[in-house]
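Taking it in order: structure first as structure tokens, then the write-up.
Every chain is numbered from 1 and lettered A, B, ... according to where its sequence line falls, protein lines coming before strand lines.
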Amino acid sequence: MKRENKNRVLTIILLLAIVVSAAAVIRQKNRPGEVNMLAEAKLVLYEGPKSLKAAGAEDLEAASENQRDLSLMRCTDTLIQVNGQDCFVYDTNVNHTRQWVSSYTPPLSRTPVAYFDFSEAARITVSLTERDIHTVKVSPMHYGIVPEIDPEGKSVTFTVTEPDTYTVTWNDSPERAVHIFANPLETDLPDFNDEKTVYVGPGEWDIESIILEDGQTLYLAGGAVVHGIVNANYAENITVRGRGIIDGSKLPGWKGTLAYIPLKFDFCNNVTVKDVIVLNPNAWVCQGYASRNGLIDGLKIISPRPNGDGISLQSCQDFTVQNCFVRSWDDSLVVKNYLGNSANLTFRNNQLWTDLAQSMEVGYETNKGYLPDPVIHNIVFEDITVLNNFHKPVISIHNGDNADVYDVVFRRITVENGRMGSGDGSEMPYLIDLHVGQSTSWSTTDERGTIRDIIIEDVTLLAGNDAVSRIQGYDGEHRVENVRISNLNILGQQITGFDDGHFEIDEATTAGLAIE
Amino acid sequence: MTGNITGRVNIILAAVLLLLIAFGFFYHPPAVLQEMKEENLTVVTAPDQTKSMEHPDFVKEEFIPVIPAGSNIALGMQAAASSFEATYTPRKVTDGNAGGVSYWEGAKDSYPNWIEVEFEEARSVHAVRVLLNPQNIWGRREQTFSVEVSSDGETYEEVVAEAAYVFDPDLGNETVVEFGQAEARYVRLIFTANSGSGGGQVAELEVYGE
């Protein structure tokens with residue numbers, strides 16, 4: 001090779017080196033990713049109560065509450081580190097049974113739960129001591145998180161930058177899915193010297209009941225586990241907040257008689273529930289009853305026992321439910337008329353995992369109180385991610401009484417896994433179900449009602465059954481009218497007609513239905 | 001020859017340099033931050049405990065009720081009311097059970113609503129003890145009522161003027177109202193307010209007399 005050719009090659013290589021190194025410097029400087037964010041990351045970890053039993057293999061058996069210890073425990077087969085620090089993992093109860101159990105004692109399983117607060121970014125490593133990892137999914141899927149699986153298949157690592165609930169599902173099974181409540185740092189703490197502030201600190205506490213009165217704030221600190229309930233009756237300006245846990249595992253199941261509702265607000269005005277976690281109540285979980293002006297924000301619920309509805313607003317008005325996580329063994333979010341009308345309720349940016357019954361339900365009870373001129377109106381469900389829906393419809397209005405149900409919107413609903421019709425849900429295997437009818441179990445009035453002016457838009461079913469849906473009134477007078485469905489996508493297929501979407505439509509009892 | 005060697009060395013050096021830069025560019029360190037900056041990490045510690053404990057701020061003192069003199073002569077007697085809500089019928093107030101859902105409640109928004117007990121014959125009475133379910137989930141409330149007596153069920157005489165009474169589960173969820181000795185076949189409470197519900201509520205209406 002001639003000298004000048006060699007020099008040319010050398011020059012090209014050197015130039016290339018300069019370009020590459022300059023690019024490397026720019027890339028490193030501008031890298032928005034985890035390195036810079038983690039360098040500034042803040043992290044708050046909460047030790048769990050030292051009294052919690054370490055869950056052993058016998059505790060993880062699926063068994064009824066008569067057959068094993070349901071206590072909240074410390075998880076031992078799933079370990080979590082956040083930014084290299086150990087994070088306490090709880091082991092609570094869940095229910096994989098897909099059918100009603102008349103004895104009220106279905107077999108319960110267990111699943112790990114952890115929480116922490118952070119800013120900027122959190123690098124999470126989840127390790128399994130007893131099982132191998134073949135596949136892993138981190139939900140919500142819209143974050144596009146692709147975890148790194150270690151070569152031995154025993155742990156995964158991923159980074160999150162948005163406070164939210166992250167659920168790790170192993171090997172395409174709901175068993176032992178890990179729920180991680182990655183909270184934002186806590187701000188605007190209440191004044192702990194204020195006599196109206198009730199403070200419960202870290203540790204495991206037996207408190208039979210905490211009854212809030214006008215102006216009171218209950219603060220459950222992170223690290224607290226309270227075995228008890230929090231109720232208010234005819235109270236105004238009350239708040240329940242903090243990062244602690246309300247746990248019902250010491251209570252026997254309600255079996256249709258004695259329900260200890262962990263968060264119950266009857267005839268209240270101006271209610272705020274923020275951030276707290278509720279695990280294993282003996283019946284349903286968060287009840288607003290004939291109350292006004294509510295904000296339920298960041299509440300986390302895992303309920304495994306019969307009638308374990310998540311957030312149930314009964315004859316409430318002017319409530320917003322947002323940023324919540326609800327995993328429940330009955331309806332996750334539900335609106336009913338018990339005593340008076342329901343109006344102006346918005347459910348926004350919530351994550352649901354519905355092991356039994358419906359994810360977003362209006363009904364069946366629409367006039368339990370037998371009042372004149374019952375209505376349910378202006379109800380909005382938007383930006384909802386349904387991680388799993390295993391049993392009955394995802395989106396449903398079941399008018400079981402004589403109310404006029406109108407102006408209900410379901411928009412931007414993503415169903416990651418819709419297995420409607422599992423177990424004894426086969427009688428209602430619907431993705432969408434709008435129905436006026438008489439229920440032998442839940443109807444009160446002899447007269448029937450109507451459903452009208454319903455908008456369902458931007459609904460996506462990512463995986464699961466090739467779903468069917470139903471729109472059916474009761475008769476020519478009690479119809480389902482003016483329903484507009486748009487941008488419905490089922491398993492990758494854009495639905496442009498009712499036939500495409502496998503809709504069962506009763507022409508005689510419906511009118512003004514459109515899909516586009 | 002020397003020029004060739006120098007050129008080759010230069011090429012090798014440049015290639016190594018290039019490789020090093022490329023390695024720095026494409027290599028991702030695996031664990032980015034194994035140890036956090038100490039000032040950015042907060043660990044909230046848990047107290048030492050071996051079992052779940054009663055929380056000291058929520059321990060209730062034992063309540064010892066004050067029972068009026070004489071005996072409860074209303075137990076098992078007939079009861080009537082101006083109205084009732086759902087299944088909360090008047091007979092519940094004389095069944096000896098203040099627990100569960102054994103209580104009377106006046107129909108919502110129908111004040112004044114009243115509840116009364118009727119004896120088989122006129123009796124000498126001097127106090128009433130009004131009970132609600134003592135469970136905490138009932139919550140503290142204030143009820144406003146007056147007490148009237150009658151010998152014939154038509155003409156009533158007020159023996160205690162309207163007043164507000166606190167019912168607090170921490171204090172038994174009950175109240176005792178004493179008055180001067182009166183002859184009565186009927187004893188009636190007339191409710192005009194209840195901060196805990198839409199109508200008057202009574203789980204047991206005990207009447208003390210001879």
Side-chain angles (χ1 to χ4, degrees), chain A residues 1 3 6-7 9-10 13-14 16-17 20-21 23-24 27 34-35 38-51 83-85 117 123 157 159 198-211 213 221-223 225-229 231-235 250 260 264 267, chain B residues 3-4 6-8 10-11 13-15 17-26 28-37 39-60 86 100 108 135-141 168-170 194-198:
Chain A
M1 195 184 280
R3 176 177 290 267
K6 284 175 188 165
N7 284 342
V9 170
L10 192 59
I13 290 171
L14 283 170
L16 206 58
V20 168
S21 49
R27 179 175 183 259
E34 59 204 48
V35 172
L38 280 169
E40 298 304 317
K42 289 188 169 64
L43 178 66
V44 181
L45 297 170
Y46 300 94
E47 284 184 3
K50 293 174 178 164
S51 47
N83 296 351
Q85 308 291 324
D117 307 340
R123 191 164 172 80
T157 299
T159 301
V198 180
Y199 174 85
V200 178
E204 187 184 13
W205 307 109
D206 295 326
I207 303 175
E208 180 192 346
S209 59
I210 300 172
I211 310 298
E213 297 182 359
V225 171
V226 171
H227 302 294
I229 57 172
N231 288 183
N233 196 28
Y234 283 85
K250 289 191 168 187
Y260 288 90
K264 180 166 170 283
F267 304 97
Chain B
N4 274 351
T6 310
R8 214 167 283 160
N10 282 343
I11 289 169
L13 279 174
L17 182 66
L18 190 61
L19 279 173
L20 280 172
I21 291 167
F23 178 76
F25 185 65
F26 291 111
H28 288 253
V32 178
L33 202 68
Q34 284 300 323
E35 288 185 25
M36 289 203 55
K37 289 180 190 170
E39 67 268 26
N40 285 348
L41 173 67
T42 305
V43 178
V44 177
T45 56
D48 286 327
Q49 61 183 146
T50 55
K51 60 180 182 180
S52 187
M53 300 188 298
E54 263 196 296
H55 195 291
D57 294 350
F58 295 88
V59 175
K60 306 282 194 302
K108 294 209 181 312
Q135 281 189 304
N136 264 19
I137 53 174
W138 267 69
R140 184 180 177 279
R141 67 200 63 203
D168 186 341
D170 291 349
N194 180 357
S195 66
S197 190

Does the pair B/K51 and A/E204 meet the rule for a salt bridge (Lys or Arg N to Asp or Glu O under 4.0 Å), with working shown? CA-CA 8 Å; B/K51 60 180 182 180; A/E204 187 184 13; over 6 Å; no
On a heavy-atom basis, which atom in B/P56 and which in A/W205 lie closest, and how many Å separate them? CD-CZ3, 4.1 Å
Options A/A235, A/G223, A/S209, A/G48, ranked by heavy-atom pairs under 4.5 Å with chain B, top entry: A/S209
Using non-hydrogen atoms only, which part of A/Y199 is less than 4.5 Å away from chain B: side chain, backbone, both, or neither? backbone
For a side-chain contact (heavy atoms from CB on, under 4.5 Å) check, start with the C-alpha distance between A/V198 and B/F58, then their side-chain angles and the critical distance, and finish with the verdict. CA-CA 10 Å; A/V198 180; B/F58 295 88; 3.4 Å; yes
Interchain contact, B/T45 with chain A, by part (heavy-atom threshold 4.5 Å): both
Part of A/K250 within contact of chain B (heavy atom distance under 4.5 Å): side chain
One option among A/K42, A/K264, A/E47 has the most heavy-atom pairs under 4.5 Å with chain B, and it is A/E47
Less than 4.5 Å to any heavy atom of chain A: does that hold for the side chain of B/S195, its backbone, both, or neither? backbone
If you count heavy-atom pairs under 4.5 Å with chain B, which of A/I210, A/L43, A/I211 comes out on top? A/L43
Whatever's closer than 4.5 Å to a heavy atom in chain A on B/D57 counts as side chain
Between A/F267 and chain B, with a heavy-atom cut-off of 4.5 Å, which part of the residue counts as in contact: side chain, backbone, both or neither? side chain
B/Q135 versus chain A, the contacting section by heavy-atom distance below 4.5 Å: side chain
What distance separates B/R140 CZ from A/N233 CG, expressed to the nearest 0.5 Å? 13.0 Å
To the closest 0.5 Å, what do you measure between NE2 (A/H227) and CD (B/E54)? 12.5 Å
Pair count under 4.5 Å, heavy atoms only, with chain B: among A/D206, A/T157, A/V200, highest is A/D206
Among A/S51, A/P49, A/P202, side chain to side chain contact (heavy atoms under 4.5 Å, CB included) partner for B/P47: A/P202
